[in-house]
Amino acid sequence: MSTRYFFFGTLMDRDVLELVLARPVSDDRFEPATLDGYRRVRVWKDTFPMLVADPDGAVEGIVYETRNAEEDARILFFEDFDYGLLPCRPRTAEGAVDALFCGIDTSVEPSNEVWTLDAWAQRHKPGFLKLSELYMNCFGRMTTEEAEPVWEKGRRELVAQGLIQLPSERIPDDRKRDAG
């Protein structure tokens, strides 16, 4: 069994995908694609992206087809419980294809900042790879809920070491009220 995914964020980075899949990945498996009807922004208070609906938007990414069910399981573990798979029809050089993308749960909020892979890689990739390695070492041993504290502890430690720099965003007045 294999699944075709549309990757629009950190999984477009070959090093991240290789870490998640626990195997080398060749560039020829990355098929450039565009998904219409969305725009890519950074998640509020974090460094990775999410897609938000935008009828005039289009997001550049890649289509990638997994080899087997274990690779699907590894990708879903990496994406965590904040994401769910949504069907999509990205455009490739050969035309539109059926794929899935990891859409974000509504409990995660977008920032107003456009996210690009190049800017992310320059600033955040090394720390993100270390954090992702800690988290993916939990695969097959824990559920995503059980592994979440490993992610959070690892992130706190990497922030303290200066290897991860989280955005320090001001909380708008309406979020202050909602926070109690």
Open item on the list: So, taking the atom named CZ in F6 and the one named CG in L100, what distance separates them when rounded to the nearest 0.5 Å?
Closed with: 12.5 Å

Open item on the list: For the CZ atom of R156 and the CG atom of L131, what is their distance to the nearest 0.5 Å?
Closed with: 11.0 Å

Open item on the list: Using modelled atom types and a 3.5 Å cut-off, is there a donor and acceptor pairing between side-chain atoms of T3 and backbone atoms of T66?
Closed with: no

Task: Flag, side chain of R40 to backbone of E60, donor-acceptor distance under 3.5 Å - done: yes

Task: Minimum heavy-atom distance L166-R155, with the two atoms named - done: CD1-CD, 4.0 Å

Task: Smallest separation among heavy atoms of I75 and L11, with atom names - done: CG2-CD1, 4.3 Å

TODO: Could you tell me whether the side chain of Y135 and the main chain of F77 form a donor-acceptor pair under 3.5 Å?
DONE: yes

Task: side-chain contact (heavy atoms from CB on, under 4.5 Å) between M50 and V41, intermediate numbers included - done: CA-CA 6 Å; M50 66 184 284; V41 298; 4.0 Å; yes

Task: Near-ring test F8/Y38, centroid separation under 6.0 angstrom - done: no

TODO: Measure the spacing between CG of D72 and CD of E65 and express it to the nearest 0.5 Å.
DONE: 9.5 Å

- [ ] Classify the ring geometry between W151 and F48 as parallel (under 30°), tilted (30 to 60°) or perpendicular (over 60°).
- [x] perpendicular

Task: Closest non-hydrogen atom pair, L35 against C88 - done: CD1-CB, 3.7 Å

Open item on the list: Is it the case that the side chain of W115 and the backbone of T47 share a donor-acceptor pair, with hydrogens and angles ignored and the cut-off at 3.5 Å?
Closed with: yes

Open item on the list: Can you tell me if K125 has over 12 outside heavy atoms packed within less than 6.0 Å of its NZ?
Closed with: yes

Task: Spatial distance of atom OG1 (T144) from atom CG (L76) [nearest 0.5 Å] - done: 9.5 Å

TODO: Check for a donor-acceptor pair, side chain of E71 on one end and backbone N or O of L21 on the other, with a separation under 3.5 Å.
DONE: no

Open item on the list: Give me the atom names and distance for the closest heavy-atom approach of R74 to L19.
Closed with: NH2-O, 4.0 Å

Task: pair P110-V43: side-chain heavy atoms closer than 4.5 Å - done: no

Open item on the list: Tell me if the aromatic rings of F78 and F139 count as close, with their centers under 6.0 Å from one another.
Closed with: no

Open item on the list: Quick check on the hydrophobic clustering: are L85 and V52 connected, directly or via other members, by side-chain heavy-atom contacts under 4.5 Å?
Closed with: yes

Open item on the list: Could you check whether any side-chain N or O of S111 sits under 3.5 Å from a backbone N or O of R42, counting only pairs where one atom can act as donor and the other as acceptor?
Closed with: yes

Task: Distance-minimising heavy-atom pair for L117 and G9 - done: CD1-O, 4.0 Å

TODO: Begin with the C-alpha distance, continue with both residues' side-chain angles, and end with the deciding distance and a verdict on side-chain contact (heavy atoms from CB on, under 4.5 Å) for R67 and R29.
DONE: CA-CA 11 Å; R67 291 181 174 174; R29 301 211 16 115; 4.0 Å; yes

TODO: To the nearest 0.5 angstrom, please state how far the CD atom of E157 sits from the CG atom of L163.
DONE: 11.0 Å

Task: For E146 against P149, the heavy-atom pair lying closest together - done: O-CD, 3.2 Å

TODO: For the pair V20 and M136, evaluate side-chain contact (heavy atoms from CB on, under 4.5 Å) and give the outcome as yes or no after the intermediate values.
DONE: CA-CA 7 Å; V20 169; M136 288 307 297; 4.2 Å; yes

Task: Candidate pair F128 and L158, rule side-chain contact (heavy atoms from CB on, under 4.5 Å), full reasoning - done: CA-CA 9 Å; F128 187 82; L158 291 167; over 6 Å; no

Open item on the list: Give me each pair satisfying side chain to side chain donor-acceptor pair (under 3.5 Å) with a member in residues 87-98, each pair once, sequence neighbours excluded.
Closed with: E31-T92, D36-R91, R89-D98

- [ ] Look at the rings of F7 and Y64 and say which category their plane angle falls in: under 30° parallel, 30 to 60° tilted, over 60° perpendicular.
- [x] parallel

